[in-house]
Amino acid sequence: MPCTLHTSLRSPYARKVRIVLLEKELPFELSIVDLSARPAWFAELSPLGKVPVLVDDDGTRVFDSSVIVEYLEDRHPRPPMLGEGWRQRLRHRSLDELGDFVADQAVVAFQARDRGEAVGAALALERVGRALDAAQARLGTDEWPSAFGVGDAAVISAVGYFVLRHGDAMIRERARLAAWLEAQHARPSVASTVPPTIT
Ligand SMILES: N[C@@H](CCC(=O)N[C@@H](CS)C(=O)NCC(=O)O)C(=O)O
């Protein structure tokens, strides 16, 4: 029986988990939760009221994207998505944090803009800019994990979401990062999880 990943349509955190599930070739079903409706069954399932939540085939329930990835790695270690050895794991976890930070701040900027809070939105975008600079500075160095894994998935997913909400100007300004991102789309797990555009 496949596991179920509860997600919203465009969640960057859930996309990270989906990429990991696909890379590990684990069968899963998607359950799309309408977060604006907040159905009662979902409130019972998710202690934080957030997606993603994974329900495994034996009923094991896991929330928070990074915890889900750690759980999947524990139960299905191959291929490793957290890297081999402490150095690689540290690099993946650091990039995972960096990616999640970009996603968090993309949401903050979007909500601030929606409320007409220009200063708050600008501050969040400034934070995104610094995180993107940090990611780009790591590219091609020892600080970047040597094999594809959750760190890459987190950055790809966060930037994909950021572009949906805020356009791609800040990414194009960082040419090395933009080229790296483009190249990642040759990977089926990345290409098949691109979020639907907002019309
Ligand atoms: N740290 C969490 C963040 C999850 C998160 O913020 N999810 C958003 C959707 S992208 C959500 O469910 N928001 C609903 C809410 O905050 O009420 C993770 O990595 O899973």
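Every number for a ligand or one of its atoms is a count from 1 in the order of the listing. Along the sequence shown, residues are numbered consecutively beginning with 1.
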- Note on the structure: salt bridge (Lys or Arg N to Asp or Glu O under 4.0 Å) filter on R75, not counting sequence neighbours, yields D56, D58
- Task: Return the set of residues passing side-chain hydrogen bond (donor to acceptor under 3.5 Å, both in side chains) with S189 (not counting sequence neighbours), or none when no residue passes.
- Result: E23
- Ionic contact status for D142 with R87, cut-off 4.0 Å: no
- Task: Identify whether the distance between the nearest side-chain nitrogen and carboxylate oxygen of E70 and R93 falls below 4.0 Å.
- Result: yes
- Do any pairs count as a ring pair (Phe, Tyr, Trp, His ring centres under 6.0 Å) and have a residue in residues 21-68, sequence neighbours left out, and if so which ones? H6-W41
Check ligand 1 against the protein and report each N/O to N/O distance under 3.5 Å, formatted as atom name, atom name, distance.
unit_1: ligand 1; atom_1: 1 (N); unit_2: D64; atom_2: OD2; d: 2.9
unit_1: ligand 1; atom_1: 7 (N); unit_2: V51; atom_2: O; d: 2.8
unit_1: ligand 1; atom_1: 12 (O); unit_2: V51; atom_2: N; d: 2.9
unit_1: ligand 1; atom_1: 17 (O); unit_2: R38; atom_2: NH2; d: 2.4
unit_1: ligand 1; atom_1: 19 (O); unit_2: S65; atom_2: N; d: 3.4
unit_1: ligand 1; atom_1: 19 (O); unit_2: S65; atom_2: OG; d: 2.6
unit_1: ligand 1; atom_1: 20 (O); unit_2: S65; atom_2: N; d: 2.8

- Message: Quick check with a 6.0 Å cut-off and a 45 degree axis cone: is R10 positioned over the face of Y161's six-membered ring?
- Response: no
